[in-house]
Amino acid sequence: RFTFRLKITGTCKTSQTETDVFVYPLPQAFVGRDTIMCRPASIQLGSDPIAQRQYFWSPSTGLDQNDVANPIATITNTIIYYLKVKELQTGCENTDSVLVEMADTFIDLGYDTALCEGSTMRFNVGKLSNNVQFVWNDGSSGPMKTISKPGKYYVSKTNICGTFSDTIDISAKVCFC
């Protein structure tokens with residue numbers, strides 16, 4: 001509690017007023033740690049409820065309830081949830097957010113195909129991130145690969161969910177322009 005005094009002095013008279021200002025702590029808003037999931041599943045967000053607090057989650061996509069401290073979220077895609085907590089007695093509000101990422105467990109080089117002599121073919125099998133490694137049959141790494149010769153090509157992707165791979169056979173084709 002802080003007390004402020006205001007004194008106003010004018011040419012005719014002096015006025016003084018006093019007011020108390022109360023500073024309340026923000027309510028705790030805790031949604032949990034950012035999470036990576038390997039397959040669609042349900043998880044519990046948040047923490048135990050506290051009396052005299054109002055909870056509001058957004059978006060409500062996948063939540064069993066959006067007005068409780070610890071809803072169950074059914075995750076099928078990457079999503080960021082936001083929580084607003086309001087202390088009913090003071091009106092103070094606080095917010096927090098959590099990222100629930102759905103890890104990509106799929107890799108696809110496409111159907112076996114042919115490559116015209118003198119041509120190139122480019123593959124892009126995903127996005128580069130700290131949590132994902134791509135390794136090609138020649139030992140090169142990264143999600144993109146350009147080839148110019150027929151052959152069998154293999155790529156593996158490793159992330160928190162495991163290792164996934166695909167193979168493609170590229171045959172030679174004589175093309176006339």
Side-chain angles (χ1 to χ4, degrees), residues 1-4 20-111 121-147 152-168:
R1 173 180 150 173
F2 299 94
T3 302
F4 291 94
D20 288 330
V21 176
F22 294 91
V23 179
Y24 298 102
L26 290 174
Q28 180 184 7
F30 179 72
V31 296
R33 297 176 63 189
D34 290 350
T35 303
I36 298 175
M37 300 181 68
C38 296
R39 59 182 168 72
S42 295
I43 61 169
Q44 187 164 28
L45 302 174
S47 58
D48 291 335
I50 297 173
Q52 297 299 308
R53 302 263 166 92
Q54 185 178 49
Y55 301 89
F56 180 74
W57 292 84
S58 66
S60 60
T61 306
L63 297 179
D64 65 337
Q65 298 178 70
N66 71 339
D67 60 352
V68 297
N70 50 2
I72 302 295
T74 302
I75 308 298
T76 56
N77 292 303
T78 296
I79 190 167
I80 298 175
Y81 284 110
Y82 299 91
L83 170 65
K84 180 168 69 172
V85 179
K86 182 177 183 178
E87 170 66 54
L88 297 177
Q89 195 170 19
T90 64
C92 294
E93 295 180 353
N94 200 359
T95 60
D96 194 10
S97 64
V98 64
L99 168 66
V100 184
E101 185 177 347
M102 183 62 65
D104 185 9
T105 59
F106 182 75
I107 191 164
D108 184 19
L109 290 172
Y111 295 111
M121 187 177 289
R122 186 172 186 191
F123 296 100
N124 186 347
V125 292
K127 62 182 179 179
L128 203 53
S129 78
N130 293 336
N131 302 323
V132 181
Q133 292 180 330
F134 297 92
V135 178
W136 295 85
N137 56 299
D138 64 359
S140 62
S141 61
M144 291 185 271
K145 177 101 174 140
T146 301
I147 62 162
K152 188 173 206 159
Y153 293 88
Y154 167 89
V155 63
S156 68
K157 173 173 73 173
T158 303
N159 62 22
I160 193 169
C161 301
T163 299
F164 311 91
S165 62
D166 195 22
T167 302
I168 188 170

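Owing to the predicted nature of the structure, the values given are computational and were not obtained by experimental measurement.
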Are any of the side-chain heavy atoms of [X] and [Y] separated by less than 4.5 Å?
{"X": "Trp136", "Y": "Val125", "answer": "yes"}
{"X": "Cys38", "Y": "Ile160", "answer": "yes"}
{"X": "Phe56", "Y": "Gln54", "answer": "no"}
{"X": "Val155", "Y": "Lys145", "answer": "no"}
{"X": "Thr105", "Y": "Arg39", "answer": "no"}
{"X": "Val98", "Y": "Leu83", "answer": "no"}
{"X": "Phe30", "Y": "Asn94", "answer": "no"}

Roughly how far, to the nearest 0.5 Å, is the [atom2] atom of [Y] from the [atom1] atom of [X]?
{"X": "Glu101", "Y": "Thr78", "atom1": "CD", "atom2": "OG1", "value": "5.0 Å"}
{"X": "Ile75", "Y": "Met102", "atom1": "CD1", "atom2": "CE", "value": "6.5 Å"}
{"X": "Cys92", "Y": "Arg53", "atom1": "SG", "atom2": "CZ", "value": "9.5 Å"}
{"X": "Tyr24", "Y": "Gln89", "atom1": "OH", "atom2": "CD", "value": "7.0 Å"}
{"X": "Thr167", "Y": "Ile107", "atom1": "OG1", "atom2": "CD1", "value": "10.0 Å"}
{"X": "Leu109", "Y": "Met121", "atom1": "CG", "atom2": "CE", "value": "10.5 Å"}

Classify the ring geometry between Phe123 and Tyr153 as parallel (under 30°), tilted (30 to 60°) or perpendicular (over 60°).
tilted
Taking all non-hydrogen atoms of both residues into account, name the closest pair between [X] and [Y] and its distance.
{"X": "Pro143", "Y": "Gly126", "answer": "CB-O, 3.3 Å"}
{"X": "Gly110", "Y": "Ile168", "answer": "O-CD1, 3.9 Å"}
{"X": "Ser156", "Y": "Tyr154", "answer": "CB-OH, 3.8 Å"}
{"X": "Phe134", "Y": "Lys127", "answer": "CE1-O, 3.7 Å"}
{"X": "Ala103", "Y": "Ile36", "answer": "CB-CG2, 3.7 Å"}

As a test of understanding, state which of Ile80, Leu99, Asp96 forms a side-chain contact (heavy atoms from CB on, under 4.5 Å) with Val31.
Asp96
Determine whether Val85 and Tyr55 satisfy the following criterion, side-chain contact (heavy atoms from CB on, under 4.5 Å), listing intermediate values before the conclusion.
CA-CA 5 Å; Val85 179; Tyr55 301 89; 3.7 Å; yes
Given 3.5 Å as the limit, does a donor-acceptor pair link the side chain of [X] with the main chain of [Y], or not?
{"X": "Gln44", "Y": "Asn70", "result": "yes"}
{"X": "Asn159", "Y": "Val132", "result": "no"}
{"X": "Tyr81", "Y": "Thr61", "result": "yes"}
{"X": "Trp57", "Y": "Gln65", "result": "no"}
{"X": "Thr35", "Y": "Arg33", "result": "yes"}

So for atom CD, which belongs to Glu87, do other residues, nucleotides or ligands contribute more than 12 heavy atoms lying within a distance under 6.0 Å?
yes
